[in-house]
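Below you'll find the structure, written out as structure tokens, and then a few comments.
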Amino acid sequence: MRYKRPRGTQDILPDQVSEWRLAEETFRRIANDFGYSEIRTPIFEETDLFVRSVGAETDIVAKEMYTFSDRGGRSLTLRPEGTAPVVRAFLENNLQGTDPGRVVKLFYIAPVFRYDRPQAGRYRQHHQAGIEALGSASPALDAEVMHLAWLFYSALGLEQVDLLLNSVGCTVCRPVYVERLRAYLAGHARALCDDCRRRYEANPLRILDCKNPACRQVTADAPMMLDVLCDDCARHFAEVRKVLETIGITYQVDPRIVRGLDYYTKTAFEFVGKGLGAQDALGGGGRYDGLVEACGGPPTPGVGLGIGLERVLLARQALGLSVGAPARRGVFVIGLGEAAAQWAIAFLARLRAAGVRADLDYRFRSLRAQMRHADAMGFRYAAIAGDEELSRGEVTVRDLETATQESLPTEGAIEYLSSMSRREHCGGNAHG
RNA sequence: GUGGGCGUAGCUCAACGGGAUAGAGCACUGGACUGUGGCUCCAGGGGUUGGGGGUUCGAGUCCCCUCGCCCACCCCA
């Protein structure tokens, strides 16, 4: 094989596309229902946008970005996450207008690139469906974001999804906490794993997230961010919990979840699925009240969410869920013999011009072979003509579902088939 | 980035401890049914055994390199 797709990428083949469309269309519908509008941003941005927003010390920026310089010498980066580009577009296009209190709610479905070592559920190009709500600090909005994800998973048949909730504080209380955590850990440095000893300086919060049993033991009695939140953050967290309970969303407080992007403040959450192995995060997000300002805009609170579509589809697969075959639809045209082949081409063109789903077999094989093909391709009708029908100006119309057929004059057949086709569009139970 | 497992028709898998022409099911094509799909039966086409090198009289099988996938770590979606 001469060429192969780049490592960690995937071809989405025709037989998988209906699953993708189901996920995308479900997300679009729900996001729209929640008052979010779709936005599409470039697939690459100035490298600095991600460095400044995501954080230079994060794994994403430090070792996972696809960064390149273009012919003009600009440093550009393939989007490694969805939020920063949306915030950039929000500012650049002044989507907030002249009302500083306006809440701007946006959603996107876009490919995301990270140079990770691939494994199941982890790719170098994956797709995220995300939302961003900018302009409001209301805890009810945090809950709305989680509610949207909740309904999305449930609409796709994923009922066993756990919501893990935490607060990572703000610029007031987090630095205080980090120092307290360092002070605590200082006495246990020898018990920590190598990675965590490195994290001690760079990002001690990460140590809480370490799965190493020794580190777990050390941090079991460590002070927790949740216990040290400032009044504002504590009030916010309590309020988010209250709204979630009002809405009826079950969640678990997990003081250890720390997101991999530096811009998060206050609320941080993750949705975790079952049967997915180590890569079990189906989505995550949180509040980022300092991000807009860090990107050069006015102080503007925000909260958002990203959902990994590959993992959602993997989770559906693990449950044995799949989009059913669509209802039979359209007409397969079969001309037998040379004269009839010409007739078939013309008949096909007229059906298509009338908006009917229709095709024919350009190999003009045996009737049997063509019937089998029509059946396999999911056509509802076969329109068959040989010399016999042509001499009478008629066509045999067979309904593949009821296995009945009748002879119709050519004109009447087109009218009949296009009216049946219109009915299929309104009354059909097909989707995807 | 670290450690480990696995790569055989389009797909899912066989092939004693190296031995002859690498098999089967599904799918595909044709036929039984000379102009009628799904079921059944019969027949057929299809492989540089991921790629490259080595050991051997002989390699799908053993060794080395490489690429890819998978699992765990890591990280996260």
Side-chain angles (χ1 to χ4, degrees), chain A residues 1-10 13 15 23 54 58-64 79-83 109-130 149 193-196 198-199 203 206 209-213 215 257-261 268-273 276-285 305-315 325 328 332 334-337 340 361 363 365-389 396-405:
Chain A
M1 196 114 12
R2 186 77 170 263
Y3 295 111
K4 294 169 145 178
R5 62 179 177 266
R7 186 170 192 202
T9 64
Q10 295 180 293
L13 301 175
D15 65 343
V54 175
T58 59
D59 282 7
I60 290 178
V61 170
K63 47 191 195 195
E64 295 176 1
R79 168 174 53 219
E81 63 100 39
T83 302
I109 300 174
V112 169
F113 304 85
R114 287 183 204 167
Y115 192 88
D116 254 5
R117 179 150 166 188
Q119 66 185 71
R122 186 164 78 187
Y123 309 99
R124 290 184 174 178
Q125 173 178 352
H126 75 277
H127 297 79
Q128 284 191 21
C193 69
D194 294 348
D195 284 334
C196 285
R198 188 170 40 73
R199 290 175 181 134
N203 193 348
R206 267 283 131 59
D209 211 23
C210 186
K211 279 124 196 157
N212 184 304
C215 300
I257 70 162
V258 177
R259 311 241 70 228
L261 300 93
F269 62 87
E270 231 165 77
F271 286 93
V272 179
L276 288 177
Q279 310 304 320
D280 60 355
L282 288 171
L305 152 84
I307 293 172
L309 292 181
E310 279 82 356
R311 289 189 188 170
V312 166
L313 297 191
L314 247 24
R328 290 185 171 281
F332 196 75
I334 302 174
L336 300 166
D361 175 13
R363 290 189 288 179
R365 292 175 298 170
S366 71
L367 176 59
R368 175 188 165 75
Q370 296 200 50
M371 285 298 291
R372 213 163 25 208
H373 186 69
D375 183 51
M377 297 297 286
F379 285 96
R380 173 71 191 262
Y381 298 98
I384 308 161
D387 295 337
E388 211 177 294
E389 285 92 341
T396 298
V397 174
R398 181 175 177 85
D399 184 334
L400 296 188
E401 202 161 281
T402 61
T404 56
Q405 64 186 45

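Chain letters run A, B, ... following the sequence lines, proteins first, then strands; residues in each count from 1. Atom set for the values below is all heavy atoms of this structure, side chains included, hydrogens, waters and symmetry mates excluded.
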Would you indicate what A:Tyr123 reaches in the nucleic acid, counting non-hydrogen atoms under 4.0 angstrom: base, sugar-phosphate, or nothing? base

Distance-only, no hydrogens or angles: does the A:Arg328 side chain make a donor-acceptor pair with backbone N or O of A:Gly378 under 3.5 Å? no

P atom, B:rA59 versus B:rA72: distance in rounded Å? 38 Å

Nucleotide N/O of nucleotides 27-31 of chain B paired with protein N/O under 3.5 Å:
unit_1 : atom_1 : unit_2   : atom_2 : d
B:rU29 : OP1    : A:Arg365 : NH1    : 3.3
B:rG30 : OP2    : A:Arg372 : NH2    : 3.3

A:Gln125 near the nucleic acid: base, sugar-phosphate alone, or nothing, with a heavy-atom cut-off under 4.0 Å? nothing

Provide the distance between the two P atoms, one in B:rU8 and one in B:rC28, to the nearest whole Å. 22 Å

NA contact type, A:Ala278, heavy-atom cut-off 4.0 Å: base, sugar-phosphate, or nothing? base

Check: A:Arg122 side chain, A:Arg117 main-chain N or O, donor-acceptor pair, under 3.5 Å: yes

A:Glu64 near the nucleic acid: base, sugar-phosphate alone, or nothing, with a heavy-atom cut-off under 4.0 Å? sugar-phosphate

Using a 4.0 Å heavy-atom cut-off, does A:Glu388 contact any base of the nucleic acid, only the sugar-phosphate backbone, or nothing at all? base

Going 5' to 3' through nucleotides 3-11 of chain B, assign each nucleotide B (protein heavy atom under 4.0 Å from a base atom), S (under 4.0 Å only from sugar-phosphate atoms) or - (no protein heavy atom that close). BB-------

Atom-pair distance (CD on A:Gln279; P on B:rA72), nearest Å: 7 Å

Salt-bridge present (A:Arg124, A:Asp116; N to O < 4.0 Å): no

Looking at every strand, decide which applies to A:Gly378 at a 4.0 Å heavy-atom threshold: base, sugar-phosphate, or nothing. nothing

Could you check whether A:Arg7 gets within reach of a base, just the sugar-phosphate, or nothing at all, counting any heavy atom under 4.0 Å? sugar-phosphate

For Watson-Crick and G-U wobble pairs within 3.5 Å on both distances, what is RNA chain B written in dot-bracket notation, | included for inter-strand pairing? (((((((..((((.....[...)))).(((((.......))))).....(((((..]....))))))))))))....

